[in-house]
Amino acid sequence: MDPAMDPGNLPPAWDRPFRDKLAALFRWRRDVRHFTPEPVPEARLLALLEAASLAPSVGLSQPWRFVLVEDAGRRAAIRANFARSNAAALDSLLGGQAPDRAAHYARLKLEGLDQAPCQFALFALPDPAQGHGLGRATMPETTTWSAVMALHTLWLAARAEGLGLGWVSILDPAEAAATLEVPPEWRFIGYFCLGVPAEADDVPELEREGWDHRRPASEMLLRR
């Protein structure tokens, strides 16, 4: 029998109630910066990584590499990296003669490094052997994009499990990679905080704080 005709290969019925819940999941996926101290069980973390492994990747290369950061010294080094990078970002705003924006920036909470019980970094292999180079000869950066797809898959899965994820992007990537002692060719994607959210809201915190607001999809569409 043709596998495509095998009833066991038929997808589930994605009915309206499921689609409504999926839309709610998209809305409630937030960049979380406030966490409770409740730990993330190892089994739940491994399940999230398994979900991430289902993400699409160029040439089936699976170029993502997750680095779980448990050592207190390395966490402290990442915290110091953030503090320096954040101060530099604030100085840049002040130097750009935007004092009101700089003051607003200084009030924002931009990470959950002191609260999140689980922390990890994400890297991408720029030229993995897996996949045999398929699909990336003309666009090698697709390995980076594939890693981000894995991260987004994990992010949605975490939200469905009642967990929150926060992306700490205000870091010096070379310093972060050195702190975590990964192979030099690995490309740093970001550092992430995972845990139970201390609060929940379907509106992004930056929007609630007045930093900016989400635009409608129609503004992001160009027709040719």
Check your understanding: So, Ser92 side chain and Ala88 main chain: donor-acceptor pair closer than 3.5 Å or not?
Key -> no
Check your understanding: Is Leu194 reachable from Leu122 through a run of hydrophobic residues whose side-chain heavy atoms are each under 4.5 Å from the next?
Key -> yes
Return a table of donor-acceptor pairs under 3.5 angstrom between the side chains of residues 34-48 and protein atoms on other chains or two or more places apart.
residue : atom : partner : partner atom : Å
His34   : NE2  : Glu205  : OE2          : 3.2
Thr36   : OG1  : Glu38   : N            : 3.4
Arg44   : NH2  : Glu161  : O            : 2.3
Arg44   : NH2  : Glu161  : OE1          : 3.3

Point to revise | Reported CG-to-CZ distance for the pair Asp31 and Arg29, which is rounded to 0.5 angstrom | key: 7.0 Å
Check your understanding: Any side-chain heavy atom of Phe120 sitting closer than 4.5 Å to one from Val67?
Key -> no
Review point. Looking at Leu90 and Ala102, what are the two nearest heavy atoms and their distance?
Key: CD1-O, 3.3 Å
Exercise for review: Would you indicate whether Glu50, at its atom CD, is surrounded by more than 12 heavy atoms from other residues, nucleotides or ligands within a distance under 6.0 Å?
Suggested key: no
Exercise for review: Calculate, to the nearest 0.5 Å, the distance between atoms CD1 and OG1 belonging to Ile189 and Thr143 respectively.
Suggested key: 8.0 Å
Point to revise | Set of residues satisfying ring-ring contact (aromatic ring centres under 6.0 Å, His included) with respect to Phe123, sequence neighbours excluded | key: Trp186, Phe188
Review point. Looking at Ala160 and Leu25, what are the two nearest heavy atoms and their distance?
Key: N-CD1, 3.7 Å
Point to revise | Verdict with reasoning, Arg65 to Leu125, per side-chain contact (heavy atoms from CB on, under 4.5 Å) | key: CA-CA 7 Å; Arg65 296 295 183 270; Leu125 305 187; 3.1 Å; yes
Review point. Would Asp114 and Arg79 pass as an ion pair if we require N to O under 4.0 Å?
Key: yes
Practice item. Tell me whether Val69 is reachable from Leu165 by hopping between hydrophobic residues (I, L, V, M, F, W, Y) whose side-chain heavy atoms are closer than 4.5 Å. Key: no
Study note, to complete from the structure: Scanning both residues in full, the closest heavy-atom pair of Thr179 with Ala77 reads CG2-CB, 3.7 Å
Point to revise | Arg214, CZ: over 12 other non-hydrogen atoms inside 6.0 angstrom | key: no
**Study point:** Any side-chain heavy-atom pair of Ser57 and Pro63 under 4.5 Å
**Key:** yes
Practice item. Indicate the atoms forming the closest heavy-atom contact of Leu113 with Gln119, along with that distance. Key: O-NE2, 3.1 Å
Check your understanding: For the atom pair CD (Glu111) and CD1 (Ile78), what is the distance rounded to the nearest 0.5 Å?
Key -> 12.0 Å
**Study point:** Residues in salt bridge (Lys or Arg N to Asp or Glu O under 4.0 Å) contact with Glu219, at least two apart in sequence or another chain
**Key:** none
**Study point:** Distance (rounded to the nearest 0.5 Å) between Arg215 CZ and Asp212 CG
**Key:** 4.5 Å
Practice item. Flag the pair Ser61 / Arg136 as yes when at least one side-chain heavy-atom distance between them is below 4.5 Å, and no otherwise. Key: yes
Revision key, fill the gap. The reported gap from CD in Gln130 to CD in Gln62 (rounded to nearest 0.5 angstrom) is 4.5 Å
Check your understanding: Which is it for Leu68 and Cys118 under the side-chain contact (heavy atoms from CB on, under 4.5 Å) test, yes or no, and what are the steps along the way?
Key -> CA-CA 8 Å; Leu68 186 61; Cys118 180; 3.8 Å; yes
**Study point:** Distance-only side-chain donor-acceptor flag, Tyr191 / Asn81, under 3.5 Å
**Key:** no
Review point. Does Arg159 reach the main-chain N or O of Gly164 with its side chain, forming a donor-acceptor pair under 3.5 Å?
Key: no
**Study point:** Pair Asp15 + Arg19: basic N to acidic O under 4.0 Å
**Key:** no
Distance-only check: which donor-acceptor pairs under 3.5 Å involve side-chain atoms of residues 149-156, not counting sequence neighbours?
residue : atom : partner : partner atom : Å
Thr153  : OG1  : Met149  : O            : 2.9
Trp155  : NE1  : Arg30   : O            : 3.2

Point to revise | Contact summary for Ala137 and Pro140, nearest pair of heavy atoms | key: O-CD, 4.3 Å
Review point. Is a donor on one side and an acceptor on the other found under 3.5 Å between the side chain of Arg187 and the backbone of Glu185?
Key: no
Exercise for review: Sorted by first residue and then second, give each side-chain hydrogen bond (donor to acceptor under 3.5 Å, both in side chains) pair with at least one member in residues 68-78; sequence neighbours left out.
Suggested key: Arg74-Glu181
Point to revise | Candidate pair Val168 and Phe192, rule side-chain contact (heavy atoms from CB on, under 4.5 Å), full reasoning | key: CA-CA 6 Å; Val168 184; Phe192 301 90; over 6 Å; no
Check your understanding: Can you check whether Val196 reaches Pro117 side chain to side chain, under 4.5 Å on heavy atoms?
Key -> no
Exercise for review: Tell me whether Val182 is reachable from Leu49 by hopping between hydrophobic residues (I, L, V, M, F, W, Y) whose side-chain heavy atoms are closer than 4.5 Å.
Suggested key: no
Check your understanding: For the atom pair CZ (Arg107) and CH2 (Trp211), what is the distance rounded to the nearest 0.5 Å?
Key -> 9.5 Å
Check your understanding: Does Leu206 share a hydrophobic cluster with Phe82, counting links as ILVMFWY side-chain heavy atoms below 4.5 Å and allowing steps through other members?
Key -> yes
Exercise for review: Using ring-ring contact (aromatic ring centres under 6.0 Å, His included) as the criterion, list what pairs up with Phe18, not counting sequence neighbours.
Suggested key: Trp14
